[in-house]
Amino acid sequence: MAKKNKKFIFVVGGVMSGVGKGITASSVGKLIQSRGFNVTAIKIDPYINVDAGTMNPTEHGEVFVLKDGDETDQDMGNYERFLGTTLTRTNYMTTGRVYQTVIERERNGEYKGKCVEVVPHIPLEIIDRIETAAEKADADVSVIEIGGTIGEYQNILFLEAARMMKTKYPEDVLFVLVSYVPMPSKVGEMKTKPTQYASRTLNGAGIQADIIVARSDIKLDEKRKEKISLSCSVKKENVISAPDVESVYHVPVNFEKDGLSDILLKELNLKSKTKDLTEWTKFANKITRAKKTLKIGVVGKYFSSGDFVLSDAYISVIEAVKHACYYNGCKPEIDWLDSSEYEKDPKKLKDLKNYAGIVVPGGFGSRGIEGKIKVAEFCRENKVPYFGLCYGMQIAVVEYARNVLKLEDAHTVEMKANAKNKIIDIMPEQKKKLENKDFGGSMRLGSYPAVIAKKTIAFKTYKETEVSERHRHRYEVNPEFVEKLEEAGLVFSGKSPNGELMEIMELPMSVHPFYLATQFHPEFQSAPLSPHPLFISFVKAAKKLSE
Ligand code: GLN
């Protein structure tokens with residue numbers, strides 16, 4: 001169990017989801033980091049899925065890919081961006097993953113004849129995973145976010161694990177409850193009752209919150225703070241007001257205004273080593289100062305949820321665009337463009353000229369693909385800056401083959417298995433996996449190196465001949481067509497070290513101001529304090545053209 005000096009902060013949610021538990025967990029981590037401690041973050045997702053890879057992005061949001069290839073929840077992206085660290089699969093668990101291990105252990109005879117029970121064996125496995133992650137990351141403090149909201153059946157065992165840890169290490173475990181304080185327009189005041197119920201539900205699991213982060217539209221007044229403090233048995237100064245802010249990156253700065261890092265350290269009995277949030281604060285100020293807006297269009301299909309438009313499926317792309325914009329002294333105004341609209345009404349394509357730049361992010365399946373291909377064609381012909389990511393590269397290559405090389409029936413086999421010209425083909429090792437219905441965690445995943453060709457936009461951008469980027473795909477540019485495409489003017493400026501896999505394609509600057517696409521996902525490695533170079537170049541080109 002826990003080694004000396006290791007601390008654990010559990011972040012749990014009450015009232016409803018989607019109020020910023022992930023950002024709170026990330027910000028709490030950031031603040032502790034700013035006091036000189038090594039921090040790691042762990043995400044617990046209560047669903048049965050072994051990982052997030054098989055889930056529909058419209059419903060579940062983005063699948064965030066770690067360096068080691070694990071397909072995880074989008075919150076892992078928030079942790080990496082806020083903490084500036086690289087996490088591993090040890091930092092992510094689901095109910096499926098926990099049960100899988102316990103069942104495997106039972107089959108291997110590791111429980112030595114014992115009756116293996118839901119309690120305590122499942123919580124013990126959870127604790128073991130948390131401690132292993134802390135150990136591996138050599139973390140002084142681990143922030144553990146329990147997905148969903150308290151009171152849901154599915155996270156009971158995770159709360160039980162947290163309670164057991166607190167019992168065993170009363171000095172080293174802290175609970176932060178992220179709650180929501182609504183202000184119904186007809187009522188005209190903030191209501192704290194939902195938070196009171198949430199706190200009691202947590203008590204029902206044997207856990208007392210140490211800190212309550214109260215999310216709301218506007219700042220919490222003293223009266224509401226007192227009410228929450230009294231009814232939830234939390235010190236008044238530990239009730240933190242978290243009103244809506246201009247950007248999620250302002251949250252740590254705002255928390256600090258309420259003295260949260262002092263509170264956290266006091267509750268954890270830790271002595272501060274330093275106090276330095278300067279770089280982060282500077283970055284947050286940059287956001288506030290950025291005046292010029294840059295219109296960026298993101299062409300995708302995972303947007304609509306009933307009557308609502310959500311952008312969670314592309315969160316890392318959006319954040320990477322933001323990082324690069326702030327870096328370039330502007331702020332993005334992002335529009336979600338549904339690719340199938342361009343299939344229904346190609347006249348709409350001309351509206352793309354209203355954008356400083358277009359991003360076509362990753363995707364799967366057939367819906368909207370012809371629309372995306374049309375977008376790539378329009379951007380190429382009309383010199384609109386184009387940045388394609390994964391699928392966004394595959395469709396750009398298909399477009400080039402169709403319209404420049406004039407290859408009839410050029411397509412990706414993902415869409416048309418019997419296409420005459422299979423420009424994008426299944427990777428050989430992937431073919432078997434699909435035949436065997438081996439879908440989970442089986443794509444080409446995680447970090448792989450790419451060799452960058454000199455005298456290209458990619459090289460000018462990276463200023464390096466070898467880079468490492470994260471992947472998530474089954475298909476690739478068919479090597480049989482590479483020579484023909486190159487002869488026709490397409491530049492493959494990044495390739496796998498053996499030269500077989502096309503990692504980056506671009507058009508020379510003499511032909512187009514910025515037409516570049518990657519087989520990998522650069523968005524997964526962009527952070528506020530270190531924006532991704534390719535996003536910086538894209539935004540720079542877009543900004544220059546719109547001046
Ligand atoms: N569907 C494509 C593939 O599997 C692209 C994947 C993606 O965009 N992440 O290769």
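Side-chain atoms are counted along with the backbone in the values below, which use heavy atoms only and exclude waters and symmetry mates. Every number for a ligand or one of its atoms is a count from 1 in the order of the listing.
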**Q.** Amino acids in close contact with ligand 1, where any non-hydrogen atom sits under 4.0 angstrom away
**A.** G362, G363, F364, C390, Y391, Q394, E414, R472, H473, R474, Y475, H521
Q: Can you tell me which residue pairs pass the salt bridge (charged side-chain N to carboxylate O under 4.0 Å, His left out) test with a partner in residues 317-329, sequence neighbours excluded?
A: E319-K322
Show the atom names and distances, to 0.1 Å, of all donor-acceptor pairs under 3.5 Å that link a side chain in residues 540-547 to residues at least two apart or in another chain.
unit_1 : atom_1 : unit_2 : atom_2 : d
K543   : NZ     : N328   : O      : 2.8
S546   : OG     : A542   : O      : 3.3
S546   : OG     : K543   : O      : 3.0

Q: From the options E80, E71, E503, select the one residue that forms a salt bridge (Lys or Arg N to Asp or Glu O under 4.0 Å) with R470.
A: E80
Q.
Suppose the criterion is side chain to side chain donor-acceptor pair (under 3.5 Å): which pairs have a residue in residues 386-399, not counting sequence neighbours?
A. R380-E399, Q394-Q519, E399-N403
Q.
Name the residue from K437, Q430, R474, E429 that meets the side chain to side chain donor-acceptor pair (under 3.5 Å) definition with S442.
A. R474
Q | S316 backbone acceptor or donor facing R81 side chain under 3.5 Å | A | no
